[in-house]
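These notes are about the structure you will find just below.
Keep in mind it's a predicted model, so treat the numbers as computed, not measured. So that the names make sense, note that chain A is the first sequence line, chain B the second, and so on, each numbered from 1. Quick note: numbers below take in every heavy atom, side chains included, and nothing from hydrogens, waters or symmetry partners.
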Protein chains: 2
Amino acid sequence: MGISERKEREKLQMRQLVLAAATEMFIQEGYDRTSIRNIAEKIEYSPATIYLYFKDKTEILEAIMEQGFGILNQEFAKILHLEDPMERLKGMADRYLHFAHDFPEYYDLMFIMKTPVENVVEQDDWDCGHQAYITLFETVQACQEAGKLKIEDPHAASLMLWSILHGMVSLHIRKRLIFFPETQLDAIVHHCASEMVRLIAV
Amino acid sequence: MGISERKEREKLQMRQLVLAAATEMFIQEGYDRTSIRNIAEKIEYSPATIYLYFKDKTEILEAIMEQGFGILNQEFAKILHLEDPMERLKGMADRYLHFAHDFPEYYDLMFIMKTPVENVVEQDDWDCGHQAYITLFETVQACQEAGKLKIEDPHAASLMLWSILHGMVSLHIRKRLIFFPETQLDAIVHHCASEMVRLIAV
DNA sequence: TAAAATTACTGAACGGTGTTTATTTTGCAA
DNA sequence: TTGCAAAATAAACACCGTTCAGTAATTTTA
């Protein structure tokens, strides 16, 4: 049955075509300013065609979110080889900030944007997000077991670290730090991140 | 000229009517799900009428944001009488969390939502937001001058505190903490906040 | 190979959005 | 009462996400 296989391949290719166009436009223009009609025009198909490959606009968003978490988890993977758990922690914070800096629109979709409905909870869309958190949690746990942390509860410590990074990044992305000198902002943010790691260290 | 005065009063009243309706709907349904047509219907006027009192939808948003900062600054004012700057700091964190908890939609508009354009920067809309930050900054500065802080740069310390609070709150509001047990989340968040204050304290 | 059936695609529509403009209604002054 | 300025609006514009009936292309069947 070579034909049905080819059909399936073509179907996947078409989905990929939509996804590639959507990704580029979401990343460049943002989710809201990218319409289904725009995407359709870009790939030279009718808007209705897109709905043969995606249930709705949010399903495209979810696929792109997964891509984003793929990149982030890949970044995290780069520092997992470090022996010292505290070094891993520092590395993760660094990678997180760089990811947000390099892909602010990905970051927006993944962490700031309003969840389409309630569904992200039930769906496994957020599983890759959970995976990223688990990586952080396990690193924190390792630090704690090595007696390097001042916080006993590893969940609390993880949340603190994540929150301070997300807090700074999202305030920056959403332009709420306009009274900080733009030129020094990146330096301040990185300074705060390393200070935070220093503070929770024994 | 009593007439022109009355006219002006009426004009302000009408603006207030729109604002009150919009506030209720934004707070209840969110900014995106509230349309100009909905607001118009609620106050029993034509949609076009609203544009006689507000330039566009974002101008309504800005007015409501100011209200929100009014509430928040009022909350902050309640703890300014405390002598010990560290107590003031703890109090501010507490008030911040409670504000976010009680008015999540206000919080969304003020700190999470996408800035309409670039204009928030130049406009003085964000001035009341700046005011809230200054209150935090001055409190941090007082703590620092009292030799109570481990962080030298008061801007860095302020940003750290604000970020950890905003990080937790915004991740919560935008449903990114779904793998934390819902029932304990509030407790964890408050725990993290007080731990943070403890960590930066000498 | 011709007809039938499945599949892929699309034009046009539906009901919604923010916003503008030409027109009508209203309230006051002369 | 008439004239005029201000206030309100109906209708339109240009979008949006989404659906569906219908067309075109392709594969299967006879």
Side-chain angles (χ1 to χ4, degrees), chain A residues 1-19 21-23 25-26 28-65 109 113-117 119, chain B residues 1-19 21-23 25-26 28-65 109 113-120:
Chain A
M1 273 299 165
I3 289 174
S4 68
E5 280 170 14
R6 193 209 64 205
K7 282 271 173 87
E8 199 158 327
R9 226 183 315 128
E10 282 176 353
K11 193 139 192 163
L12 229 92
Q13 258 177 350
M14 187 65 184
R15 205 184 140 96
Q16 203 50 45
L17 182 68
V18 174
L19 209 54
T23 302
M25 299 176 81
F26 283 9
Q28 203 145 69
E29 293 292 323
Y31 180 76
D32 294 328
R33 277 194 295 278
T34 302
S35 71
I36 298 289
R37 283 173 171 85
N38 296 155
I39 300 171
E41 199 180 352
K42 180 164 184 138
I43 61 175
E44 297 178 298
Y45 278 85
S46 135
T49 302
I50 290 179
Y51 287 88
L52 300 175
Y53 300 92
F54 291 91
K55 187 172 109 302
D56 53 26
K57 199 183 175 187
T58 76
E59 196 172 292
I60 305 178
L61 174 66
E62 283 157 17
I64 294 179
M65 265 182 56
L109 306 183
M113 176 162 286
K114 229 167 197 156
T115 302
V117 241
N119 62 353
Chain B
M1 273 295 166
I3 289 174
S4 69
E5 281 171 13
R6 195 210 60 203
K7 283 273 175 83
E8 198 156 328
R9 226 182 315 128
E10 283 176 352
K11 193 138 193 165
L12 229 92
Q13 258 178 350
M14 186 65 184
R15 205 182 140 96
Q16 202 51 46
L17 181 68
V18 174
L19 210 52
T23 301
M25 300 176 80
F26 283 10
Q28 203 146 68
E29 293 292 322
Y31 180 76
D32 293 328
R33 277 193 296 279
T34 303
S35 71
I36 298 289
R37 283 172 173 85
N38 296 155
I39 300 172
E41 200 180 351
K42 179 162 185 138
I43 60 175
E44 297 177 299
Y45 277 86
S46 132
T49 302
I50 290 178
Y51 287 88
L52 300 177
Y53 300 92
F54 291 92
K55 189 172 105 306
D56 53 25
K57 199 183 175 187
T58 76
E59 196 172 292
I60 304 178
L61 174 67
E62 284 158 17
I64 293 179
M65 266 182 55
L109 306 183
M113 177 162 284
K114 227 165 198 156
T115 303
V117 244
E118 311 289 308
N119 62 353
V120 163

Practice problem: For B:Tyr53, answer base if it contacts any base atom (sugar-phosphate contacts may also be present), sugar-phosphate if it contacts only those atoms, and nothing otherwise; contact means non-hydrogen atoms under 4.0 Å. | Solution: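 Sugar-phosphate, no base atom in range.
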Self-check item: B:Ile60 side chain near B:Tyr31 side chain, heavy-atom distance below 4.5 Å
Solution: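 Contact flag for B:Ile60/B:Tyr31 side chains = no.
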In whole Å, what is the span from the [atom1] atom of [X] to the [atom2] atom of [N]?
X       : N      : atom1 : atom2 : answer
B:Ile39 : C:dT17 : CD1   : C1'   : 12 Å
B:Glu44 : D:dA10 : CD    : P     : 13 Å
B:Lys57 : C:dG16 : NZ    : P     : 15 Å
A:Ile50 : D:dC16 : CD1   : P     : 12 Å
A:Ile60 : D:dC16 : CD1   : C1'   : 14 Å
A:Glu59 : D:dT18 : CD    : P     : 11 Å
B:Met14 : C:dT26 : CE    : C1'   : 14 Å
B:Tyr45 : D:dT9  : OH    : P     : 7 Å

Listed nucleotide nearest any side-chain atom of [X], set [options]:
X       : options                : value
A:Lys11 : D:dT19, C:dA8, D:dA10  : C:dA8
A:Asp56 : D:dT9, D:dT18, C:dT10  : D:dT18
B:Ala48 : C:dT21, C:dT10, D:dT18 : C:dT21

Exercise. Decide yes or no on side chain to side chain contact (heavy atoms under 4.5 Å, CB included) for B:Phe54 and B:Ile36, but give the supporting numbers first.
Key: CA-CA 11 Å; B:Phe54 291 92; B:Ile36 298 289; over 6 Å; no
If I compare all heavy atoms of [X] with all of [Y], which pair ends up nearest, and what's the gap?
X       : Y       : answer
A:Ile39 : A:Phe26 : CD1-CE1, 4.2 Å
B:Tyr53 : B:Arg15 : O-NH1, 3.0 Å
B:Thr34 : B:Lys57 : O-NZ, 2.8 Å

Quiz item: So does A:Ser46 get a side-chain nitrogen or oxygen closer than 4.0 Å to the phosphate oxygens (OP1/OP2) of C:dG11?
Solution: no
Quiz item: Does C:dG16 have OP1 or OP2 sitting under 4.0 Å from an N or O in the side chain of B:Asn38?
Solution: no
Quiz item: How far apart are the C-alpha atoms of A:Leu19 and A:Gln16, what are their side-chain angles, what is the distance that settles it, and do they pass the side chain to side chain contact (heavy atoms under 4.5 Å, CB included) test?
Solution: CA-CA 5 Å; A:Leu19 209 54; A:Gln16 203 50 45; 4.2 Å; yes
Quiz item: Nearest nucleotide by nearest heavy atom, which residue falls closer to the 5' end of DNA chain C, A:Leu52 or A:Arg37?
Solution: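 In this pair, the answer is A:Leu52.
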Quiz prompt | Heavy atoms from other residues, nucleotides or ligands near CD of A:Glu59 exceed 12 (cutoff 6.0 Å) | solution =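 More than 12 within 6.0 Å, yes.
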Quiz prompt | Contact residues, residues 28-36 of chain B to DNA chain C [heavy atom, < 4.0 Å] | solution = B:Thr34, B:Ser35, B:Ile36
